[in-house]
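Below is one structure, written out as structure tokens; the observations come after it.
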Amino acid sequence: AGEEKFFDIHKKLRKGDIVGVRGYPGKSKNGELSIFPLEVVLLAPCLHMLPFPKGASLGGITNMETRYRQRYLDLIVNADVRNTFEVRSKVINGIRKYLDERHFMEVETPMMNMIPGGAVAKPFITYHNDLSLRMFLRIAPELYLKMLVIGGLDRVYEIGRQFRNEGIDLTHNPEFTTLEFYQAYADYDDLMVMCEELVSGLVMSITGGYKIKYAPRPGMDEVEIDFTPPFKRISMMEGLEERMNVKLPALDDPEVEAKLSKLLAEHGLECSPPQTASRMLDTLVGEFLESNIIHPTFITEHPQTMSPLAKYHRSKPHLTERFELFAAGRELANAYTELNDPVIQYKLFLEQAQAGGQGDDEAMVMDDSFVTALEHGLPPTGGFGLGVDRLTMFLSNKSNIKEVLLFPAMKPTDEQMAMIAANTPSGEQIGGPPTVMGVGKFEGVNLGSENGMKQLNEALEGKEFLGNGGKSEADTDLATLISSLPSGLVAKYSNVFGWLGRCL
């Protein structure tokens, strides 16, 4: 009977099946720890042929598309993938341990906001049907966390997802995980010390030493990165002048933008419009400072125009008390002494709004509620942000952010696009309010319909705005109406979607 049962279950079992075994432990003839079974039961069958595992480093699945789209299969077959996500878990647990030991309180803040504030980035837009309200997925939790400090919670932190409607590349994913913490009565000098303690401590606890091997890009040779504290410090403007061997224009020079544009041209660099001083300086820093950094280095003292939420430097005009941590050309952290003057903050918000009006879709928007909160008194505070995904990349030696995300963003396949189309409501109405009637040259056109949206999309072909010049009142009026439509449906029309971002 025992032999019959063995052959019966043996005929049923296939590679990948999940089985239950009752028996007693022992060792095989080769000394391998095993179980001598008395009973074997099929718990869940695997109905697909699994690729053969090929060892710890070279898995049974090498096709990147398959690995990222079917992560469960990647985890089953490729032995080293699990190790990557164990490292990620250790990073998050290590961050919590460090902050909890220093009496920080972990909090949660909203992910859907009426205003996309707290960072310089382009947001995702969604629509709340019951409230008839356009909302934004958060790009940063910063403003809410500072409101908590105003309320008396002197040490707070949040580990959570942020969403930015920007490009996908080796180091960027539309949704990503960050740590942000805020400590009252601390400044950026205190934060630099804490950053060194936190990052170097995580490297030591996870890898067993301060030095790691890392390949910055696929196919590149590995470089050794030394996380031994203290980290090197470079003042941004002084560092640029030293690397470029030029004297940069004064930040309060009325012609600063023209002079920076000339410098970019001399070095063959391009900056996407609008060419503001902030964006051009960022281009220069990326070329001459960031790309030359291997070991962890703080770039400090950013110009005020690049840091609308940071406090002005106490001794250097037009600069701020801010730093960014870079290693192997990658940004890991960003921190600064928080601006706590509501009058100056309001002025800087206005300047950002003007940049947005010039077409900078990454400019911050005016947030009156945050200014009101500042008027109640924000104590001197230091704020710190760390990219969890990027730190995990370093500690697991992965050059592609998709390797450290269980389910990274991927371009839809033809099958997925067909499924989306099949589940999109058909007919005239494409979503949002029942009817959105146009104004101006689109008067009488239902922009809540496919035909109406197609007309607008065709009218915007090859153009930034409806007219031949810049943004007009007609653009603003029409964009206000379009903004009430669900963004997922508006995004089907690329010309309309880009135009809407420029208008609002």
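Below, all heavy atoms of this structure are taken into account, side chains as well, without hydrogens, waters or symmetry copies. Index from 1, following the sequence.
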Legend entry - Tyr346 side chain to Asp367 side chain, donor-acceptor N/O pair below 3.5 angstrom: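 Side chains of Tyr346 and Asp367: no pair found under 3.5 Å.
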Inset, instruction - For the residue pair Thr381 and Glu338, confirm or rule out a side-chain donor-acceptor distance under 3.5 Å. - result: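 Absent: no donor and acceptor within the cut-off.
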Counting only N and O atoms by type, is there a donor-acceptor contact under 3.5 Å from the side chain of [X] to the main-chain atoms of [Y]?
X	Y	value
Asn173	Pro408	no
Thr207	Val203	yes
Arg390	Thr171	yes
Ser200	Thr228	no
Asp17	Arg14	yes
Ser307	Leu309	no
Asp169	His172	yes
Thr413	Gln416	yes
Thr337	Tyr188	yes
Arg322	Met306	yes

Inset, instruction - Report the C-alpha distance between Arg217 and Asn400 in whole Å, list the side-chain angles of each, state the deciding distance to 0.1 Å, and finish with yes or no for side-chain hydrogen bond (donor to acceptor under 3.5 Å, both in side chains). - result: CA-CA 8 Å; Arg217 294 183 182 278; Asn400 190 336; over 6 Å; no
Is the number of heavy atoms from other residues, nucleotides or ligands under 6.0 Å of [X] [atom1] greater than 12?
X	atom1	value
Asp221	CG	no
Tyr68	OH	yes
Glu32	CD	no
Met105	CE	no
Glu197	CD	yes
Met112	CE	no
Met417	CE	no
His48	NE2	no

Would you compute the distance between atom [atom1] of [X] and atom [atom2] of [Y] and round it to the nearest 0.5 angstrom?
X	Y	atom1	atom2	result
Ile206	Leu391	CD1	CG	7.0 Å
Gln162	Phe176	CD	CZ	5.5 Å
Leu50	Ile61	CG	CD1	8.0 Å
Glu324	Ile234	CD	CD1	12.0 Å
Leu269	Glu287	CG	CD	5.0 Å
Leu198	Leu99	CG	CG	6.5 Å

Would you name the heavy atoms of [X] and [Y] that are closest together and state the gap between them?
X	Y	value
Pro303	Met237	CG-SD, 3.8 Å
Ile168	Ala409	CD1-CB, 4.1 Å
His313	Glu301	NE2-OE2, 3.4 Å
Leu332	Leu386	O-CD1, 3.3 Å

Under a 4.0 Å threshold between the charged nitrogen and the carboxylate oxygen, would [Y] count as salt-bridged to [X]?
X	Y	value
Glu65	Arg67	no
Glu175	Arg161	yes
Glu158	Arg138	yes
Arg314	Asp187	yes
Arg22	Glu39	yes
Arg279	Asp282	no
Lys146	Glu142	yes

Inset, instruction - Decide side-chain hydrogen bond (donor to acceptor under 3.5 Å, both in side chains) for Glu106 and Tyr157; before the verdict, give the C-alpha distance in whole Å, the side-chain angles of both, and the deciding distance to 0.1 Å. - result: CA-CA 5 Å; Glu106 184 171 9; Tyr157 76 94; 3.3 Å; yes
Inset, instruction - Might you work through the ring pair (Phe, Tyr, Trp, His ring centres under 6.0 Å) test for Phe36 and Tyr24, ending with a clear yes or no? - result: CA-CA 5 Å; Phe36 294 95; Tyr24 56 91; 5.5 Å; yes
Inset, instruction - For side-chain contact (heavy atoms from CB on, under 4.5 Å), just list the numbers for Leu145 and Glu180, CA-CA rounded to whole Å, side-chain angles, deciding distance to a tenth of an Å, and then say yes or no. - result: CA-CA 8 Å; Leu145 292 174; Glu180 285 206 18; 3.9 Å; yes
Inset, instruction - Could you walk me through whether Gln183 and Asp190 pass side-chain hydrogen bond (donor to acceptor under 3.5 Å, both in side chains), step by step? - result: CA-CA 10 Å; Gln183 178 175 334; Asp190 300 315; over 6 Å; no
Not counting sequence neighbours, which residues clear side-chain hydrogen bond (donor to acceptor under 3.5 Å, both in side chains) with [X]? List them please.
X	value
Lys211	none
Asp389	Arg88
Asn63	Thr66
Ser28	none

Validation row, ring centre [X] to ring centre [Y] under 6.0 Å:
X	Y	value
Phe231	Phe298	yes
Phe384	Phe181	yes
His267	Phe288	yes

Legend entry - Evaluation steps, salt bridge (Lys or Arg N to Asp or Glu O under 4.0 Å), between Glu86 and Lys90: CA-CA 6 Å; Glu86 287 176 351; Lys90 289 177 182 178; 5.6 Å; no
Inset, instruction - For Ser205, check side-chain contact (heavy atoms from CB on, under 4.5 Å) against everything at least two apart and list the hits. - result: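 Ser205: no side-chain contact (heavy atoms from CB on, under 4.5 Å) contacts found.
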Legend entry - Residues that Pro25 engages under side-chain contact (heavy atoms from CB on, under 4.5 Å), provided they are two or more places apart: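 Pro25 satisfies side-chain contact (heavy atoms from CB on, under 4.5 Å) with no other residue.
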Inset, instruction - Would you verify whether the NZ or CZ of Arg102 falls within 45 degrees of the ring axis of Tyr98 while also being under 6.0 Å from that six-membered ring's centre? - result: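 So Arg102 does make the cation-pi contact.
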